[in-house]
Amino acid sequence: GDLTEEEVTAVSKMISDRYHAKKQRNFDAADEIRDSLAATYNVKVDDRSNEWRVDTDDYAMAGDNSLSEVEVAFIDNKLRERFSLKRVNEYEEADAIRDGLRGKYGVNVDDRTKEWS
């Protein structure tokens, strides 16, 4: 998910406004800004790491592996399916995909960084 320069500027301002709302303990306003970021720009905020990102179903392969192109394509498709399941709160099915990929291919999935290895 790419954002234009204007959209990045708008998101940055909203992130700043949200920070100030949280600092003033106005959590309702902060939550409203967070929800607006998600709805308008598909932006997800990670408060623990002070990072934000456009939420997408794309996962990046991290590191080297001995998987074939067909296996990598299969894993990418399963990760997209898993992402879609998580979006509709089907966590058991999403976890089953994650566990299946780990069992069959030794794949570890990091949802925070959107990487797999």
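Note that the numbering runs from 1 along the sequence shown for the chain. None of the values given here were measured: they were computed from a predicted structure.
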**Q** Please output the side-chain donor-acceptor pairs of residues 7-18 that fall under 3.5 Å, not counting sequence neighbours, one pair per line with the distance.
**A**
residue, atom, partner, partner atom, Å
E7, OE1, T4, N, 2.8
E7, OE1, T4, OG1, 3.4
T9, OG1, E5, O, 3.0
S12, OG, V8, O, 2.9
K13, NZ, D17, OD1, 3.3
K13, NZ, D17, OD2, 2.9
R18, NE, A30, O, 3.2
R18, NH1, D47, OD1, 2.8
R18, NH2, D47, OD2, 3.2

**Q** What residues form a side-chain contact (heavy atoms from CB on, under 4.5 Å) with A38, not counting sequence neighbours?
**A**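 Residues passing side-chain contact (heavy atoms from CB on, under 4.5 Å) with A38: none at all.
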**Q** Of all residues at least two apart in sequence or in a different chain, which pass the salt bridge (Lys or Arg N to Asp or Glu O under 4.0 Å) check with E81?
**A**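 If we apply the salt bridge (Lys or Arg N to Asp or Glu O under 4.0 Å) test to E81, skipping adjacent residues, the hits are K78.
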**Q** So R102 and D99, side-chain contact (heavy atoms from CB on, under 4.5 Å) or not? Walk me through it.
**A** CA-CA 5 Å; R102 183 179 302 132; D99 296 344; 3.7 Å; yes
**Q** For D110, give me all partners under salt bridge (Lys or Arg N to Asp or Glu O under 4.0 Å), at least two apart in sequence or on another chain.
**A** none
**Q** Mind checking side-chain contact (heavy atoms from CB on, under 4.5 Å) for Y105 and listing every partner two or more places apart, or none if nothing turns up?
**A** L67, E71, F74, I75, L101, V107
**Q** Flag the pair L79 / N77 as yes when at least one side-chain heavy-atom distance between them is below 4.5 Å, and no otherwise.
**A** no
**Q** Go through the structure and list residues passing side chain to side chain donor-acceptor pair (under 3.5 Å) with N89, not counting sequence neighbours.
**A**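 Partners of N89 by the side chain to side chain donor-acceptor pair (under 3.5 Å) criterion, ordered by chain and then number, come out as Y91.
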**Q** Can you tell me how far the CZ atom of R80 sits from the OH atom of Y59, to the nearest 0.5 Å?
**A**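 It is 11.0 Å, given to the nearest 0.5 Å.
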**Q** Could you grab the distance from atom CD of E32 to atom CG of L37, nearest 0.5 Å is fine?
**A** 11.0 Å
**Q** Verify the cluster assignment for W52 and Y41: are they in a single hydrophobic cluster under the rule of side-chain heavy atoms below 4.5 Å apart?
**A**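 Yes, because W52 and Y41 connect within a single hydrophobic cluster, where side-chain heavy atoms sit under 4.5 Å apart.
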**Q** Listed by chain and number, what are the side chain to side chain donor-acceptor pair (under 3.5 Å) partners of D31, not counting sequence neighbours?
**A** R34
**Q** Starting from the C-alpha separation in whole Å, work towards a yes-or-no answer on side-chain contact (heavy atoms from CB on, under 4.5 Å) for E115 and M61.
**A** CA-CA 6 Å; E115 294 178 334; M61 182 174 54; over 6 Å; no
**Q** Return the set of residues passing side chain to side chain donor-acceptor pair (under 3.5 Å) with R53 (not counting sequence neighbours), or none when no residue passes.
**A** D55
**Q** Of all the heavy-atom pairs spanning A62 and S117, show the shortest one and how long it is.
**A**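 That would be O-CB, 3.2 Å.
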**Q** My understanding is that only residues two or more places apart in sequence, or in another chain, count here; which of them pass side chain to side chain donor-acceptor pair (under 3.5 Å) with E93?
**A**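 For E93 there are no side chain to side chain donor-acceptor pair (under 3.5 Å) partners, ignoring immediate neighbours.
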**Q** Side-chain heavy atoms under 4.5 angstrom apart, residues restricted to Ile, Leu, Val, Met, Phe, Trp, Tyr: same cluster for V72 and I97?
**A** yes
**Q** Indicate yes or no: does K86 engage D111 in a salt bridge with an N to O separation below 4.0 Å.
**A**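 Here K86 pairs with D111 in a salt bridge, since their nearest N and O are under 4.0 Å apart.
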**Q** Holding to side-chain contact (heavy atoms from CB on, under 4.5 Å), I want the full list of residues that pass it with S66, two or more places apart in sequence or in another chain.
**A**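 With neighbours one apart ignored, the set is empty.
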